[in-house]
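In the text below, chain A, chain B and the rest are named by the order of the sequence lines, each starting its count at 1.
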2 protein chains.
Amino acid sequence: MAPTHVHADPAAHAHLRPARFPVTVDVVALTVGGGELRVLLINRLIEPFKGGLALPGGFVLPGEDLMGAAARELAEEAGVARLPGHLEQLQSYGPAGRDPRGDVLTVAHLLLAPNFPVLAAGSDAAHAGWHPVSGVLDGELDLAFDHRQIVSDAVERARSKLEYSPLGAAFCGEEFTIAQLRTVYEAVWGTRLDPRNFHRKATGTPGFLEDTGTMSAGEAGRPAALFRLAPESRIVAGGPVRAVLNPPLMRPRG
Amino acid sequence: MAPTHVHADPAAHAHLRPARFPVTVDVVALTVGGGELRVLLINRLIEPFKGGLALPGGFVLPGEDLMGAAARELAEEAGVARLPGHLEQLQSYGPAGRDPRGDVLTVAHLLLAPNFPVLAAGSDAAHAGWHPVSGVLDGELDLAFDHRQIVSDAVERARSKLEYSPLGAAFCGEEFTIAQLRTVYEAVWGTRLDPRNFHRKATGTPGFLEDTGTMSAGEAGRPAALFRLAPESRIVAGGPVRAVLNPPLMRPRG
DNA sequence: ACACTTATCGTCAAGTTGACAATAAAGAAA
DNA sequence: TTTCTTTATTGTCAACTTGACGATAAGTGT
């Protein structure tokens, strides 16, 4: 804390040239595949942590806003042309004590998306790939900087959002079956849910889902009805996400 | 987006000198008084928006972390010696297009606290004071920068946190009656709650409240039992806030 | 003692949840 | 084709929670 006798005027420091910090955005891109939650990681090509795994991200450019920077980094580092899902800001970290090069503030973002193809290995650019979140959380995979903490916070945010928002559908495509939506919940929460009770809650919540009238086909078992998000709960880029699930669909505790 | 032919290496910009931004922290300090939700605002002494109302806040110093900076600004601008409640990070805004002086990134924070005394007017320093949140939200009070938006986001965060976390108690002192806690909920949500049903939920939720054994006195009406947060839901600085209210105590919708 | 105010306990119908039976509709196997 | 297997969807039922509100308890002010 600044010595009081130097800054008698509480706003005095504002007269000083303010310190400036490098600002980065990092993106925790989550998807569901193979029944588990996965996170997008890139191979770092430069120091520090060269050769290690890290979240996609990079410096914010002058005149840029945070969301735009996050989307740009995703495009540059993972080769995603158009935002494939729901992007929101997560939390900021720093600036002290998280980068060996010095103070760096990072604004972490969260992307919930269907499994999408990423920049393959073999190019001279960075390799991007999906990795099981469990491996990150239990320390099997080592991440650069404080990225493991960031992933952990992102997963907790995702878990809690599924309880009351329609964001689970962000992991599915435009149309999906109740069972597909259920596997999303199961993967994110890491629990099993009763298909019948889940079906009841999903279809019984007003303003959540809308029947498309079409059916899934080709899978094993009886064909399932295809749904999409109802207009009330549709996810618009930058728009607010409504708390449609009321009462919420709580994850099993204990 | 950077021209691809210039940055064939997606991480190339990391080799460039990264842009640096001034970083500020702003604090939305909320309290409950007179049955309504109030926010702490200061009178700006310097341009821009000199003489206008704004959130307490200021530049982050080198080597500082965000929470620390927020606490320091609160101390400097409002004269609070020790953090009187629960402080958490809210969201980051910027850096583009929110300060006439140029790009400034701000990390907004949220303080939930009992009514505490602030730096009075009359000193040569800034005046700090409590103002009704309703006046800010409905545009009666004009705030500097994008601070109205920030207050709006902060209030929404607070409203939602009361539903599932024990943070309502952060507005009360160490010990409080059920009725005091209820008025917090009523002020934050802007609704009336049935005292009997609220009492049932508050005292009936395991791990939420703990009876102190003592009674309130001096008020009108029958004395009320004094409670404190149960150990499971106690709020530790920097620690996680547990979702104790399960199922949640939902605010009335519609 | 009496009125008034607030706290706390009960009651009851309506809605929600968790556990699980039963049926429906497809493809695969016999 | 008939049967088996798999998944989808509809019900059922008891336990629990919620919202509305009656009744009683225990203080203060007159």
Have B:S92 and A:S92 got a donor and an acceptor in their side chains that come within less than 3.5 Å? yes

Between A:P223 and A:N197, which is nearer to the 5' end of DNA chain C once each is assigned its nearest nucleotide? A:N197

I need the CE-P distance between B:M215 and D:dA25, as an integer number of Å. 14 Å

Are A:F198 and A:Y185 near enough that their ring centres are under 6.0 Å apart? yes

Rounded to the nearest angstrom, tell me the gap between atom CG in B:L245 and atom C1' in D:dT17. 13 Å

Distance in angstrom units between A:F176 CZ and D:dA8 P, rounded: 14 Å

Rounded off to whole Å, could you give me the CG-to-P distance for the B:L226 and D:dA26 pair? 17 Å

Would you give the length of the straight line joining atom OG of B:S165 to atom CG of B:L112, rounded to the nearest 0.5 angstrom? 8.0 Å

Going by distance alone, is a donor N or O of one side chain under 3.5 Å from an acceptor N or O of the other, for A:H86 and A:E88? yes

So what does A:A225 hit on the nucleic acid, given a heavy-atom distance under 4.0 Å: a base, only sugar-phosphate, or nothing? sugar-phosphate

Taking donor-acceptor contacts at under 3.5 Å, does the side chain of A:R222 reach the base of D:dA8? yes

Could you give the CD-to-P distance, from B:Q180 to C:dT8, as a whole number of Å? 11 Å

Check the phosphate of D:dT17 against B:K201, side-chain N and O only, distance under 4.0 Å to OP1 or OP2. Yes or no? no

On DNA chain D, compare the nucleotides closest to A:I178 and B:N246; which residue's is nearer the 5' end? A:I178

Measure the distance from CE on B:M250 to P on C:dT17 and round it to the nearest whole Å. 11 Å

Nearest to the side chain of A:P247 - C:dT16, D:dT10, D:dA8? C:dT16

Polar side chain donor-acceptor pair, A:Y93 to A:D153, under 3.5 angstrom: yes

Polar pair under 3.5 Å, donor/acceptor by atom type, side chain A:R196, base C:dA21: yes

Side-chain contact check for A:R200: nearest option of D:dC13, C:dT5, D:dA8 is D:dC13

When the distance from NE2 of B:H199 to C1' of D:dA26 is rounded to whole Å, what number comes out? 14 Å

What is the distance from CZ of A:F198 to P of C:dA19, rounded to the nearest Å? 16 Å

